[in-house]
Novice: 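Got a structure for you, questions after.
These figures come from a predicted structure and were not determined experimentally.
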Amino acid sequence: MLVASAFDFSDHKAAAYAPQMTLDMYLAFPEDASKLIEVVDGWIVRCESAEPSHQAIQLNLLIAIREAAGLRDQAKQSCHRVLGDMDVLIADSPKLHFRRPDVVVYRCIDDDRGRWGRKPIAADCLIALEIVSADSVTTDIRDKRAEYAAAGISHYWIVRMTDNDGPAISVERLLLTSDGEYTREGLAIRGRDFHAIDTISPFPLKLTWEALDEGL
């Protein structure tokens, strides 16, 4: 098995031919290249750069969710961070596995925890949210749903866009059950429901379609 010290990163494309991407290798990966990949069961998965519509919707969701989570934290004296495109560690052994949700809500981490530092692991996460793009339909709807459920992330929200390019057309909110499977907690559809998000779980949040479209 290759380790970071034995791997030449002068040409990071060569990593695609490595037998397995380990945590040591990923931490030594060039920053500009690491932003373009996820690692699933040790295999590199290339992530396409998001379209402007995707980025606008992502930003609007991040701002709205961050505000709602902040209000809850003030009331409950808890602490959560709401970030976009943040690595979430699913497993570091026997094979490295991490995803990078479009928006993630996770409990505050005050101290470094080994080589993963202050980035979240799945157990820290309250919500993982993905905005489905044309190249991520199967991954977001099937693969990540199974992975996030198995990792124990309580809430998984999936945003679909018209023709997978915007504006948003539906928001599905999934809740993890005691048997380790997601069940639908809510589904908002544009043209039928006034709010794209209207929930009290895991904290009160209302967001109109117009607010979700801002910047498109």
Novice: Can you get from V40 to L96 by hopping between Ile, Leu, Val, Met, Phe, Trp and Tyr side chains that sit under 4.5 Å apart?
Specialist: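 No; L96 is not reachable from V40 via cluster members.
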Novice: I'd like to check R107 versus P120 (side-chain heavy atoms, cut-off strictly below 4.5 Å). Are they in contact?
Specialist: no
Novice: If you compare all heavy atoms of R190 against all heavy atoms of A168, which two are closest, and at what distance to 0.1 Å?
Specialist: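 That closest heavy-atom pairing would be NH1-O, 2.7 Å.
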Novice: Closer than 3.5 angstrom, by distance alone: can the side chain of D124 be matched with the main-chain N or O of I121 as a donor-acceptor pair?
Specialist: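 Side chain of D124 to backbone of I121, a donor-acceptor pair under 3.5 Å: yes, one is there.
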Novice: I'd like to know if W116 and M21 are part of one continuous hydrophobic network [Ile/Leu/Val/Met/Phe/Trp/Tyr, side-chain heavy atoms within less than 4.5 Å].
Specialist: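 In one cluster with M21: W116, yes.
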Novice: Would you compute the distance between atom CD of Q20 and atom NZ of K95 and round it to the nearest 0.5 angstrom?
Specialist: 6.0 Å
Novice: Counting only heavy atoms not in K119, do more than 12 sit closer than 6.0 Å to its NZ atom?
Specialist: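 Result for NZ/K119: enclosed.
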Novice: Enter the distance from K144:NZ to I90:CD1 here, rounded to the nearest 0.5 Å.
Specialist: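 Result: 10.0 Å between the selected atoms.
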Novice: Are a donor atom and an acceptor atom from the side chains of S136 and E130 found within less than 3.5 Å of each other?
Specialist: no
Novice: Same cluster or not: are L62 and L129 linked, directly or through other Ile, Leu, Val, Met, Phe, Trp or Tyr residues, by side-chain heavy atoms under 4.5 angstrom apart?
Specialist: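 L62 clusters together with L129.
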Novice: Taking side chain as C-beta onward, heavy atoms only, is P202 less than 4.5 Å from L126?
Specialist: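 Yes - at least one pair of side-chain heavy atoms lies under 4.5 Å apart.
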Novice: Whether the side chain of D112 engages the backbone of G114 through a donor-acceptor N/O pair (distance < 3.5 Å, no angle test) should be reported.
Specialist: no
Novice: So do L212 and T208 actually touch side chain to side chain, heavy atoms under 4.5 Å?
Specialist: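 They are not in side-chain contact.
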Novice: Using the ring pair (Phe, Tyr, Trp, His ring centres under 6.0 Å) rule, collect all pairs that involve residues 158-181, keeping only residues at least two apart or in two chains.
Specialist: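 Listed by first then second residue: nothing to list.
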Novice: Please report the shortest heavy-atom distance between V137 and N164, naming the atom on each side.
Specialist: CG2-ND2, 3.8 Å
Novice: Same cluster or not: V159 versus I65, using hydrophobic residues (I, L, V, M, F, W, Y) connected whenever any side-chain heavy atoms lie under 4.5 Å apart?
Specialist: yes
Novice: For a 4.5 angstrom cut-off between non-hydrogen side-chain atoms, does W157 reach I197?
Specialist: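 The answer is yes; the side chains approach within 4.5 Å.
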Novice: If you define the side chain from C-beta out and look only at heavy atoms, does anything of C125 sit under 4.5 Å from H155?
Specialist: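 They are not in side-chain contact.
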Novice: Should the pair Y156 and Y148 be assigned to parallel (<30°), tilted (30 to 60°) or perpendicular (>60°) ring geometry?
Specialist: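 Perpendicular.
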Novice: Has the side chain of E181 got a donor or acceptor atom that lies under 3.5 Å from a matching backbone atom of L176?
Specialist: no
Novice: Can you tell me which residue pairs pass the salt bridge (charged side-chain N to carboxylate O under 4.0 Å, His left out) test with a partner in residues 56-85, sequence neighbours excluded?
Specialist: none
Novice: Please find the pair of heavy atoms, one from I153 and one from A122, that lie closest to each other, and give the distance.
Specialist: CG1-O, 3.8 Å
Novice: Decide if atom CD of E214 counts as having more than 12 heavy atoms of other residues, nucleotides or ligands within a radius under 6.0 Å.
Specialist: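 Open.
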Novice: Within the 4.5 Å heavy-atom criterion, are T183 and L174 side-chain neighbours or not?
Specialist: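 Counting from C-beta outward, T183 and L174 never come under 4.5 Å.
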Novice: Hey, does V171 have a side-chain heavy atom less than 4.5 Å from the side chain of L187?
Specialist: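 Counting from C-beta outward, L187 and V171 never come under 4.5 Å.
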Novice: About how many Å separate CZ of F203 and OG of S78, when rounded to the nearest 0.5 Å?
Specialist: 10.0 Å
Novice: Tell me if a side-chain donor or acceptor on T162 pairs with a main-chain N or O of G166 at a distance below 3.5 Å.
Specialist: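 Not confirmed, T162 side chain does not pair with G166 backbone.
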Novice: In the structure I gave you, are the side-chain heavy atoms of T199 and R173 within less than 4.5 Å of one another anywhere?
Specialist: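 Yes, close enough: below the 4.5 Å cut-off.
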Novice: Assess the residue pair R115 and D24 against the criterion (salt bridge (charged side-chain N to carboxylate O under 4.0 Å, His left out)); give the C-alpha distance rounded to whole Å, side-chain angles, the decisive distance to 0.1 Å, and a yes or no.
Specialist: CA-CA 8 Å; R115 292 173 298 167; D24 285 335; 2.5 Å; yes
Novice: Show the nearest heavy-atom pair for residues L205 and A64, with the distance to one decimal.
Specialist: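 Where L205 meets A64 most closely, the heavy atoms are CD1-O, 3.8 Å.
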Novice: Which atom pairs, one a donor and one an acceptor, fall under 3.5 Å between side chains of residues 97-106 and the rest of the protein, sequence neighbours left out?
Specialist:
residue, atom, partner, partner atom, Å
H97, ND1, D41, OD1, 3.2
H97, NE2, E147, OE1, 2.9
R99, NE, E147, OE1, 2.8
R99, NH1, E38, OE1, 2.7
R99, NH2, E147, OE2, 2.9
R100, NE, D87, OD1, 2.7
R100, NH1, K35, O, 3.4
R100, NH1, I37, O, 2.8
R100, NH2, Y26, OH, 3.3
R100, NH2, S34, O, 3.0
R100, NH2, I37, O, 2.9
R100, NH2, D87, OD1, 3.0
D102, OD2, H54, NE2, 3.4
D102, OD2, I131, N, 2.7

Novice: When you look at L61 and L207, which way does the side-chain contact (heavy atoms from CB on, under 4.5 Å) test go after all the steps?
Specialist: CA-CA 9 Å; L61 285 163; L207 184 67; 3.9 Å; yes
Novice: Evaluate whether atom CD of E51 has more than 12 neighbouring non-hydrogen atoms of other residues, nucleotides or ligands under 6.0 angstrom away.
Specialist: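 Not buried by this count: 12 neighbours or fewer within 6.0 Å.
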Novice: Say whether I109 and L83 are linked into one hydrophobic cluster, either directly or through other cluster members, by side-chain heavy-atom distances under 4.5 angstrom.
Specialist: yes
Novice: Begin from the C-alpha positions of I141 and R145 and carry the test side-chain contact (heavy atoms from CB on, under 4.5 Å) through to its verdict.
Specialist: CA-CA 6 Å; I141 293 177; R145 174 173 177 155; over 6 Å; no
Novice: Which heavy atom in D140 sits nearest to a heavy atom in S133, and how many Å separate them?
Specialist: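 For D140 and S133, the tightest heavy-atom pair comes out as OD2-N, 4.3 Å.
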Novice: Taking the side chain from N60 and the backbone from A56, do they hold a donor-acceptor pair closer than 3.5 Å?
Specialist: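 At least one qualifying donor-acceptor pair exists.
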Novice: Working to the nearest 0.5 angstrom, can you tell me the gap between R160 CZ and D163 CG?
Specialist: 10.5 Å
Novice: Using every non-hydrogen atom in the two residues, find where S53 and M161 come nearest and quote the distance to one decimal.
Specialist: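 Scanning both residues completely, I find the closest heavy atoms to be OG-SD, 4.3 Å.
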Novice: Salt-bridged, R46 to D135, with N to O below 4.0 Å?
Specialist: no
